[in-house]
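First comes the structure, then the notes that go with it.
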2 protein chains.
Amino acid sequence: MLRAAVPGAGAPADRRRGCERGRKRRRPRSGGSAGGGGAAASAPEPSAAPTLEAVAALAGVSRATVSRVVNGSPKVKPAAAEAVHAAIAELGYVPNRAARSLASRRTQAIALVVPESVARVFADPFFASIVQGVALALAPTDYTLTMLIESEQDPGKTRRYLAGGNVDGAIVVSHHTGDHSFAELNRSLPVVFGGRPLDASAESGYSVDVDNVGAAADAARHLIARGRRHLATIAGPQDMPPGVDRLAGFRAGAGAASGAGASAAAGAEDAGASASAGAAGMSGAAVLVEYGDFSPASGAAAMRRLLERGEPIDAVFTANDQMALGACTAIRDAGLTVPGDIAVVGFDDDLSAATASPPLTTVHQPSVEMGAEMARILVRLIEGEEVPRLTLLPTRLVVRASS
Amino acid sequence: MLRAAVPGAGAPADRRRGCERGRKRRRPRSGGSAGGGGAAASAPEPSAAPTLEAVAALAGVSRATVSRVVNGSPKVKPAAAEAVHAAIAELGYVPNRAARSLASRRTQAIALVVPESVARVFADPFFASIVQGVALALAPTDYTLTMLIESEQDPGKTRRYLAGGNVDGAIVVSHHTGDHSFAELNRSLPVVFGGRPLDASAESGYSVDVDNVGAAADAARHLIARGRRHLATIAGPQDMPPGVDRLAGFRAGAGAASGAGASAAAGAEDAGASASAGAAGMSGAAVLVEYGDFSPASGAAAMRRLLERGEPIDAVFTANDQMALGACTAIRDAGLTVPGDIAVVGFDDDLSAATASPPLTTVHQPSVEMGAEMARILVRLIEGEEVPRLTLLPTRLVVRASS
DNA sequence: TTGTAGGCGTTATCAC
DNA sequence: GTGATAACGCCTACAA
């Protein structure tokens with residue numbers, strides 16, 4: 001008479017034969033301490049979480065039915081469902097994820113992969129926002145978020161983990177770069193990348209990005225609308241999509257706006273010819289270009305190079321805010337003012353943009369939204385829906401005092 | 001003769017009887033599409049990850065042995081281990097986490113819990129660093145990091161998840177507050193909190209924090225060493241441990257330093273009497289106190305109130321950097337200079353501190369290290385080790401131009 | 001040291 | 001609709 005309410009309700013009394021899989025409970029797992037008494041133990045045996053079977057017993061139905069109710073199957077008589085729900089509530093039952101995964105071959109887990117190099121960069125706000133967005137979007141779903149830092153020691157570890165069927169899909173954030181070394185994964189697992197892949201080879205997976213080109217063009221138009229005529233830009237590395245796109249967009253915006261609009265500032269420099277760092281200006285009205293590596297120091301250096309060219313400059317667009325900050329410093333060091341002599345527009349709208357002095361006009365990236373969108377897309381992908389290969393999110397020019 | 005290399009090597013030919021658990025493969029899971037041919041299918045059946053059994057077959061040993069090797073059991077003959085490793089490598093075997101958890105009753109997963117309110121605050125750099133630290137510390141271990149955002153809609157969800165045995169332990173980060181609403185969890189799961197609990201009730205769990213008191217005292221001593229004699233402070237909310245501790249520490253530091261050192265700036269105001277926002281200074285040499293809520297705006301407002309008191313002030317310590325920024329603004333608005341007229345020292349060393357103008361002298365918190373330490377402590381807790389209830393990490397005063 | 005076998009908690013396939 | 005029951009892939013006491 002021990003074990004009240006354990007066997008399935010109306011279960012046929014004896015089903016032994018061969019396997020005899022009835023509850024037999026092994027459980028003397030926590031080995032150690034011989035002898036019967038027990039002053040030695042430490043943990044008070046957390047009264048083991050109730051299982052689906054316990055719920056079934058209490059509700060007077062079979063495990064199968066409980067499972068159906070838990071998974072929202074439509075084919076369950078209301079009365080039964082009712083009883084099951086009651087039992088679940090009474091017992092505080094919560095399904096065991098491991099068992100569920102094992103049986104269903106789906107983990108309900110999504111991995112967020114980030115290269116260690118990015119993780120080390122102290123608190124990259126852009127990355128933090130992405131994580132936030134992903135987490136927030138996943139919160140209301142049944143998916144769980146597993147953060148994976150790709151170790152540099154053992155690069156294969158992450159790959160193995162992902163390929164090992166431990167998650168249903170993955171989101172890969174490679175800083176602002178086009179590092180899609182995980183592209184291969186795409187064959188064994190749904191993967192969504194943050195940022196446009198550098199090699200636009202069609203089948204390189206799914207990605208979410210902002211419209212860098214359009215945004216940079218907006219920046220150019222804004223400067224021109226503000227009366228600036230001598231545009232310059234501090235571009236990012238040309239082996240990263242954002243670096244390439246923002247430069248191209250800025251040039252396009254400068255060309256189009258000036259053409260359709262006022263007078264000066266003609267078309268952009270020839271793109272091909274200026275693909276190296278030291279590119280000299282070709283015509284007076286061209287957009288002057290220098291390159292940086294997204295760091296404040298590189299921004300300052302690039303600005304100094306621009307000023308040394310001796311050509312007139314009354315506005316500079318930088319590929320990110322950090323370089324804009326450096327540029328501002330260089331401008332002031334040269335005895336000029338922002339935005340009096342030179343207007344400055346950055347990109348990212350990171351934390352320092354608003355509090356910089358002067359507060360920076362910049363292109364705001366919806367980073368949280370990007371994370372959320374990546375999550376949504378991945379979920380749809382996992383559930384077999386059709387989704388676009390590339391999703392572009394809109395940016396917004398935030399006008400502050402620097403322009 | 002089909003199925004080469006599937007049955008265990010020297011396995012007794014026929015073990016059927018009763019259960020007959022030999023590989024029978026169910027697997028016609030992906031229902032649908034009748035008919036034999038197949039132009040309808042989409043996914044190419046990812047060639048299912050190899051199982052432990054496959055490894056066993058290839059290595060010519062039993063599953064048990066493979067398991068032992070995988071789990072690093074010492075009792076395995078080198079030769080066997082060798083064979084197993086080779087097989088693992090050849091097959092690219094990676095253990096199935098779900099199955100492992102189910103069988104071993106350990107998930108090898110750690111949850112990082114963060115209240116939605118914190119997650120919404122846009123990219124809190126402090127929080128981001130914590131996550132980073134946790135992730136980096138966990139990377140080399142076999143633990144997986146599961147990010148849990150506590151939904152405000154359904155607060156029970158997270159709790160249920162945690163109590164449901166889906167993780168081996170949890171790390172709770174409640175911003176800088178003393179919100180330990182998860183304290184109860186402590187009974188069913190190892191939990192480590194970030195930040196000192198407000199109620200110092202002994203048994204409230206494990207936590208990692210910085211020495212706010214000592215750090216604030218350092219700040220006071222620094223100011224005094226710099227020749228400042230009229231100290232003021234903008235404290236944080238007194239219902240948050242950091243708010244309380246930084247105020248107490250600053251007072252202590254000011255008192256001790258001035259006592260042992262030079263002349264002016266006597267002991268601190270009476271702590272009890274000044275626990276409300278408008279606390280008026282009591283004696284000329286006391287530390288002037290105003291309160292803010294950690295936002296820049298509140299810092300500016302508090303600074304204005306301090307200035308309006310009409311008492312001499314040549315230095316102000318704020319409970320965080322954001323308020324320091326606000327204070328600087330207020331100081332300049334009053335026609336005074338930083339640090340010329342008033343030196344300013346913040347707390348946190350957040351991203352904006354270094355780039356502020358003037359760059360802010362502030363107390364650096366090892367936030368990444370805090371995250372890492374929390375992770376390490378939790379792992380030790382999970383593995384049954386003895387660990388201190390409270391771990392205090394050292395801070396460091398970063399002297400920049402504002403003081 | 002190694003193999004055997006039963007069970008971990010769910011899901012899913014079939015009959016009823 | 002509902003209930004048996006065989007996996008899911010791995011771990012581990014126990015036997016050898």
Side-chain angles (χ1 to χ4, degrees), chain A residues 8-12 15 17-31 48-56 60-71 73-81 84 93-107 164-166, chain B residues 8-12 15 17-31 48-56 60-71 73-81 84 93-107 164-166:
Chain A
R15 55 187 145 99
R17 174 159 352 106
C19 199
E20 184 197 14
R21 219 162 171 285
R23 300 296 95 171
K24 233 190 305 188
R25 286 299 135 90
R26 174 177 24 166
R27 195 62 65 91
R29 287 262 165 126
S30 46
T51 70
L52 179 154
E53 171 148 4
V55 175
V61 299
S62 73
R63 305 202 310 257
T65 297
V66 175
S67 178
R68 291 190 186 99
V69 172
V70 170
N71 294 296
S73 161
K75 339 204 73 185
V76 177
K77 203 175 290 181
V84 172
Y93 166 76
V94 42
N96 178 306
R97 236 179 151 80
R100 207 210 278 260
S101 299
L102 187 55
S104 67
R105 334 278 274 117
R106 322 175 53 243
T107 64
N166 294 308
Chain B
R15 57 189 143 100
R17 172 155 358 105
C19 199
E20 184 196 13
R21 220 159 168 286
R23 301 296 95 173
K24 231 190 302 187
R25 284 298 135 94
R26 173 174 29 165
R27 195 64 65 91
R29 289 257 167 128
S30 49
T51 70
L52 178 154
E53 172 148 2
V55 175
V61 298
S62 72
R63 307 201 311 254
T65 298
V66 176
S67 177
R68 292 189 187 100
V69 172
V70 169
N71 295 295
S73 161
K75 340 206 72 184
V76 177
K77 203 176 288 180
V84 172
Y93 166 76
V94 42
N96 178 305
R97 238 179 149 79
R100 207 212 277 262
S101 300
L102 188 54
S104 66
R105 335 278 275 120
R106 324 179 50 245
T107 63
N166 294 309

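These numbers come from a predicted model, not from an experiment.
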Where do Leu52(A) and Val70(A) land on the side-chain contact (heavy atoms from CB on, under 4.5 Å) test, with the steps shown first?
CA-CA 9 Å; Leu52(A) 179 154; Val70(A) 170; 5.5 Å; no
For Asn96(B) and Thr51(B), run side-chain contact (heavy atoms from CB on, under 4.5 Å): C-alpha distance rounded to whole Å, both residues' side-chain angles, the deciding distance at 0.1 Å, then the answer.
CA-CA 8 Å; Asn96(B) 178 305; Thr51(B) 70; over 6 Å; no
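Per the geometry, CZ belonging to Arg97(A) stands 12 Å off P belonging to dT11(C), to the nearest Å. Between the CZ atom of Arg63(A) and the P atom of dA4(D) there is a distance of 9 Å, rounded to whole Å. Distance, Arg100(B) CZ to dT12(D) C1': 14 Å, rounded to whole Å. Remark: P of dA7(D) and CG of Leu52(B) are 18 Å apart, rounded to the nearest angstrom. Put simply, CD on Glu53(A) is 13 Å from C1' on dT5(D), counting in whole angstrom units. Regarding Leu102(A), its CG atom lies at a distance of 13 Å from the P atom of dC8(C), rounded to whole Å. Residue Asn166(B) contributes atom CG, which lies 14 Å from atom C1' of dC8(C) at whole-angstrom precision. The NZ atom of Lys75(A) sits 15 Å away from the P atom of dA12(C) (whole-angstrom rounding).
The residue Lys77(A) sits close only to the backbone: its heavy atoms come under 4.0 Å of sugar-phosphate atoms, none of a base. Residue contacts for Val70(B): at a heavy-atom cut-off of 4.0 Å it reaches no nucleic acid atom on any strand shown. Within 4.0 Å (heavy atoms only), Ala98(A) reaches no atom of the nucleic acid at all.
Each of dT11(C), dC10(D), dC8(D) was ranked by its minimum atom distance to the side chain of Ser67(A); first place goes to dT11(C). Distances were taken from every side-chain heavy atom of Val61(A) (C-beta onward) to each of dC10(D), dG3(C), dG3(D); the shortest belongs to dG3(D).
Ranked by how close their nearest DNA chain D nucleotide is to the 5' end, Asn96(B) and Arg68(B) are led by Asn96(B). Comparing Ala81(B) and Ala99(B), the nucleotide of DNA chain C nearest to each residue sits closer to the 5' end for Ala81(B). Of the two residues near DNA chain C, Pro74(B) and Ala64(B), the one whose nearest nucleotide lies more 5' is Pro74(B).
For the pair Asn166(B) and Pro95(A), the tightest heavy-atom approach, listed with the atom from each and the gap, is OD1-O, 4.0 Å. Smallest separation of non-hydrogen atoms from Gly164(A) and Val94(B): CA-CG1, 3.1 Å.
Judged purely by atom type and a 3.5 angstrom limit, Ser104(B) uses its side chain to pair as donor or acceptor with the backbone of Arg100(B).
For dG3(D), one of the phosphate oxygens OP1 or OP2 lies less than 4.0 angstrom from a side-chain nitrogen or oxygen of Thr65(A). Contact annotation: Ser62(B) reaches the phosphate of dG3(C) (side-chain N/O to OP1 or OP2, under 4.0 Å). Contact annotation: Ser104(A) side-chain N/O to dT10(C) OP1/OP2 distance is not under 4.0 Å.
Rounded to 10 degrees, the angle separating the terminal axes of the helix from dT1(C)-dA16(D) to dC16(C)-dG1(D) is 30°, with each axis obtained from five end pairs.
Listed by chain and number, the residues in a side-chain contact (heavy atoms from CB on, under 4.5 Å) with Arg68(A) are Ala64(A), Thr65(A), Ser73(A), Val76(A) (sequence neighbours excluded).
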